[in-house]
Amino acid sequence: MEQEKTALEQNRLEKLNRLLAAGIQPYPTRAEVTHRSVDAIADFENREKQTPPGTEPEKVAVTLAGRLRSMRPMGKISFAHIEDGYGRIQIFFRINDLGQEQMDLFANEFDLGDYIQVTGYLFRTKTGEITLYVQSFIMLAKSILPLPAAKDEVVDGEVIRHATLNDPEVRYRQRYADLAVNPAVRHIFKIRAETIKALRQFLDERDFIEVETPILQPLYGGAAARPFTTHHNQLKQDLYLRISFELYLKRLLVGGFERVYEIGRDFRNEGVSYKHNPEFTQLEYYQAYADYLKIMDQTEQMVAYTAMQVLGKTKITYDGHEIELAPPWKRVEMREGIIEATGVDIALHTNAESLKAAMQAHGLKFNPNATRGKLIDGMLNEFLEPNFIQPTFVYNYPRDISPLAKSIPGDPQTVERFEGYIGGMELCNAFTELNDPLDQEARFLEMGRAYAADDEENNPLDEDYLRAMSYGMPPNGGFGMGVDRLVMLLTGNHSIREVILFPHLRSRGEE
RNA sequence: GGGCGAGUAGCUCAAUGGCAGAGCAGUGGCCUUUUAAGCCAUUUGUUGAGAGUUCGAUCCUCUCCUCGCUCACCA
């Protein structure tokens with residue numbers, strides 16, 4: 001497993017050993033920091049403003065820590081830049097103050113990537129850059145492995161990276177290195193954190209309570225997906241990693257909570273793609289006495305609120321398109337949308353055979369084994385979804401692909417369900433939840449007939465869920481959204497891997 | 001799972017059926033306000049792995065691995 005050390009690594013190990021030999025700790029236990037880089041600079045600028053022109057501001061002791069990002073040793077002086085979690089700042093070494101030994105120590109034993117602690121005071125260089133005049137410094141952590149970015153340059157405050165790390169494989173497998181050298185990547189994950197914070201704020205302000213439900217479940221359900229399975233050794237029990245939170249969250253409505261939400265990880269044992277990762281972050285909420293139209297309104301507000309909180313605007317650019325996230329979003333009734341796109345009126349075809357004949361007559365391809373609902377869903381995915389660049393709700397779904405949604409009064413084949421699309425991508429899914437235990441049981445049994453017995457997507461019948469519903473579940477609206485996809489939209493990324501810190505990759509065949 | 005493309009130095013990339021290169025990084029030296037610092041000198045390779053064709057393969061062929069794109073799958 002241990003790989004041969006490169007010359008660069010050998011070199012740094014030798015430096016480390018020389019430090020040890022000189023009695024210098026390469027990894028001291030404690031650090032002292034008085035300022036963040038950006039705060040030190042801001043303080044200095046403030047003091048400059050209060051100082052008469054032509055005179056230097058008073059020297060104030062500052063201790064900073066950070067990672068060495070550039071070094072320009074020039075004999076009797078040296079310049080370098082360090083980067084902390086908030087920005088970067090130039091530091092300046094001069095033999096007059098530090099002595100030959102310290103100058104050599106810095107020039108000979110410090111490398112790019114080392115963590116350093118520097119104490120001194122701020123001044124402006126000839127070129128006007130606010131810089132720390134170093135009076136003392138210590139190693140905080142020696143870097144043995146060189147970071148994979150060669151060099152960078154600061155032009156007008158913008159860091160321009162030359163020959164930056166961009167091999168996606170290395171970037172995802174060694175995300176720490178990616179983050180360390182690519183500030184834009186760090187920015188994505190700050191946006192991600194702010195997105196989740198904004199979603200919480202939105203729901204908290206509306207009296208939702210955040211809950212946590214089991215990830216390890218004896219039965220899986222709430223979505224059509226194949227699960228991951230695992231096993232509890234001592235209990236000798238097979239368990240599934242959840243594919244959704246739905247059935248547990250609705251049990252909580254039975255328990256008397258009127259508004260609950262959960263933000264967490266779902267696991268689906270399916271193919272990976274630019275918009276699918278085996279584990280992904282989902283937001284689900286359930287709201288008593290709401291229906292899907294109420295949820296639809298709330299969805300527009302929530303997404304617009306989040307964009308406003310995170311980006312300060314509701315207009316985003318995605319895939320070259322200007323997208324306006326502010327309400328109202330376009331709303332397309334599914335039947336009408338399909339008629340417009342394909343000429344087929346699904347209302348006229350109440351079974352799969354009839355619908356297939358109609359699709360054939362219109363020259364559409366279809367899976368001959370599909371149910372009516374699957375056929376309709378197929379038309380939606382193929383003919384409608386890619387065109388939903390601007391935020392669009394598609395509503396009123398076929399019942400047989402929506403076993404947990406309530407039918408539209410007077411139209412038993414259609415349920416009160418919608419999905420939200422942005423940028424040609426499904427973002428969320430919601431419905432008026434089915435709360436009739438007798439109907440729910442019938443739906444579960446229907447599913448059992450519709451799918452082959454060995455089809456893992458056919459969720460096992462959850463009798464405990466039916467029992468919960470039998471105690472009485474308030475009518476409610478439920479909502480689920482892929483948080484990763486929202487972050488993709490807000491950060492302009494077209495790959496879900498760019499917005500997941502450690503995306504799933506195939507294991508390397510090493511060892 | 002199918003199709004297409006890619007894999008060369010630590011990083012970014014060249015190149016050719018005939019000794020594998022550049023910039024940056026590294027190393028040694030000079031340099032007291034630089035900032036992709038500069039100047040001089042210099043090191044670095046299982047060309048993803050394996051096999052085949054060939055006098056000779058990084059290049060052509062095959063298998064495998066990994067990544068990317070795409071299709072399928074994904075209520």
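Here is the naming used below: chain letters follow the sequence lines, and residue numbers restart at 1 for every chain. Values reported hereafter were calculated over all heavy atoms of this structure, with side chains retained and with hydrogens, waters and symmetry mates removed.
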request  = Could you tell me which nucleotide pairs with B:U8 by Watson-Crick or G-U wobble geometry, both distances under 3.5 Å, or answer none if nothing does?
outcome  = none
ask   = Would you say the side chain of A:R94 and the base of B:U32 hold a donor-acceptor pair, judged only by whether the two atoms sit under 3.5 Å apart?
value = yes
task = For A:T125 and A:Q90, test the side chains for any donor-to-acceptor distance below 3.5 angstrom and give the result as yes or no.
result = no
ask   = Are A:E353 and A:K356 within salt-bridge range, i.e. N to O under 4.0 Å?
value = yes
message = Measuring from the side chain of A:A224 (C-beta onward, heavy atoms only), which nucleotide among B:U33, B:A75, B:A25 has the closest atom?
response = B:A75
query = On RNA chain B, nearest-nucleotide positions of A:K275 versus A:V170: which is more 5'?
reply = A:V170
ask   = Considering only the C1' atoms, how many Å lie between B:C67 and B:U8, rounded to the nearest integer?
value = 16 Å
request  = Just compare B:U12, B:C74, B:U70 and give me whichever is closest to any side-chain atom of A:Y274.
outcome  = B:U70
query = Partner of B:C30 by Watson-Crick or G-U wobble geometry, both contacts under 3.5 Å, or none?
reply = B:G38
key: Any A:R173 side-chain N or O less than 4.0 Å from OP1/OP2 of B:C67   = yes
ask   = Can you find an N or O donor on one side and an acceptor on the other, under 3.5 Å apart, linking the side chain of A:Q90 with the base of B:U34?
value = yes
request  = Calculate the interatomic distance between A:L112 atom CG and B:A36 atom C1'; express it in whole Å.
outcome  = 12 Å
message = Base, sugar-phosphate or nothing for A:P398? Non-hydrogen atoms, less than 4.0 Å.
response = nothing
ask   = Taking only side-chain nitrogens and oxygens of A:N166, does any of them come within less than 4.0 Å of OP1 or OP2 of B:U12?
value = yes
ask   = Over how many whole Å does the gap from A:H504 atom NE2 to B:C74 atom P extend?
value = 19 Å
key: Options B:A75, B:C13, B:G68, nucleotide nearest the side-chain atoms of A:K374   = B:A75
request  = Give the ring-plane orientation class for A:F92 versus A:Y133, where under 30° counts as parallel, over 60° as perpendicular and anything between as tilted.
outcome  = perpendicular
task = Using the C1' atoms only, state how far B:U46 lies from B:U42, rounded to an integer number of Å.
result = 24 Å
key: Interatomic distance at C1', B:C64 relative to B:G56, whole Å   = 25 Å
message = For A:K142, is there an ion pair with A:D111 - N to carboxylate O distance below 4.0 angstrom?
response = yes
remark   = Separation of B:U32 atom P from A:I77 atom CD1, nearest Å, is 7 Å
task = Output the single nucleotide from B:G26, B:U32, B:A75 whose closest atom is nearest the side chain of A:N11.
result = B:G26
key: Between A:N476 and A:E433: side-chain donor-acceptor atoms closer than 3.5 Å   = no
inquiry  = So if I take every side-chain heavy atom of A:Y172 and compare against B:G68, B:U32, B:U33, which nucleotide ends up nearest?
reply    = B:G68
key: Nucleotide of B:U33, B:C73, B:U32 approaching A:R226 most closely (side-chain heavy atoms)   = B:C73
ask   = If you look at every strand shown and take non-hydrogen atoms under 4.0 Å, does A:F123 touch a base, only sugar-phosphate, or nothing?
value = base
inquiry  = Of the options B:U12, B:A75, B:U34, whose atoms approach the side-chain atoms of A:E129 most closely?
reply    = B:U34
ask   = What's the CG-C1' distance between A:N108 and B:G29, to the nearest Å?
value = 12 Å
query = Which of parallel (below 30°), tilted (30 to 60°) and perpendicular (above 60°) describes A:Y318 and A:H494?
reply = tilted
task = Quote, to the nearest angstrom, the P distance that separates B:G38 from B:U33.
result = 16 Å
query = When you compare B:A57 with B:G18, how far apart are their P atoms, in angstrom units rounded to a whole number?
reply = 11 Å
query = Taking the nucleotide of RNA chain B with the closest heavy atom to each, which residue, A:H494 or A:G271, is nearer the 5' end?
reply = A:H494
query = Any chance the side chains of A:K406 and A:Y292 put a donor and an acceptor closer than 3.5 Å?
reply = no
Pairwise C1' distance, B:G3 and B:G45 [rounded to whole Å] = 33 Å
inquiry  = Taking donor-acceptor contacts at under 3.5 Å, does the side chain of A:N96 reach the base of B:U32?
reply    = yes
message = Checking base pairs now: Watson-Crick or wobble, both atom distances under 3.5 Å. What partners B:U61?
response = B:A51
request  = Determine the Euclidean distance between corresponding P atoms of B:A22 and B:A14; express it in Å to zero decimal places.
outcome  = 16 Å
task = Look at all strands and tell whether A:T125 reaches a base, only sugar-phosphate, or nothing, counting heavy atoms closer than 4.0 Å.
result = base
Flag if over 12 foreign heavy atoms under 6.0 Å of CD, A:E45 = yes
query = A:L505 side chain: which of B:C74, B:A37, B:C67 is closest?
reply = B:C67
note = Out of B:U33, B:U34, B:U66, minimum distance to the side chain of A:R72 belongs to B:U34
ask   = Within the structure shown, what part of the strands sits under 4.0 Å from A:I95 by heavy-atom distance: base, sugar-phosphate, or nothing?
value = base
Gap between atoms NZ and C1', on A:K15 and B:G26 respectively (whole Å) = 8 Å
query = In whole angstroms, how far is the P atom of B:C67 from the CZ atom of A:R497?
reply = 8 Å
message = Under 4.0 Å, heavy atoms only, any strand: does A:Y397 hit a base, just the sugar-phosphate, or nothing?
response = nothing
inquiry  = When the C1' atoms of B:G29 and B:U43 are compared, how many Å lie between them, rounded to an integer?
reply    = 15 Å
Closest to side chain of A:R506, choosing from B:C73, B:A75, B:C67 = B:C67
request  = Answer yes or no: does atom CD of A:E48 have more than 12 heavy-atom neighbours from other residues, nucleotides or ligands under 6.0 Å?
outcome  = yes
request  = Whole angstrom is fine here: how far is it from CG in A:L8 over to P in B:C11?
outcome  = 10 Å
query = Roughly, in whole Å, what's the span from CG in A:D104 to C1' in B:U32?
reply = 15 Å
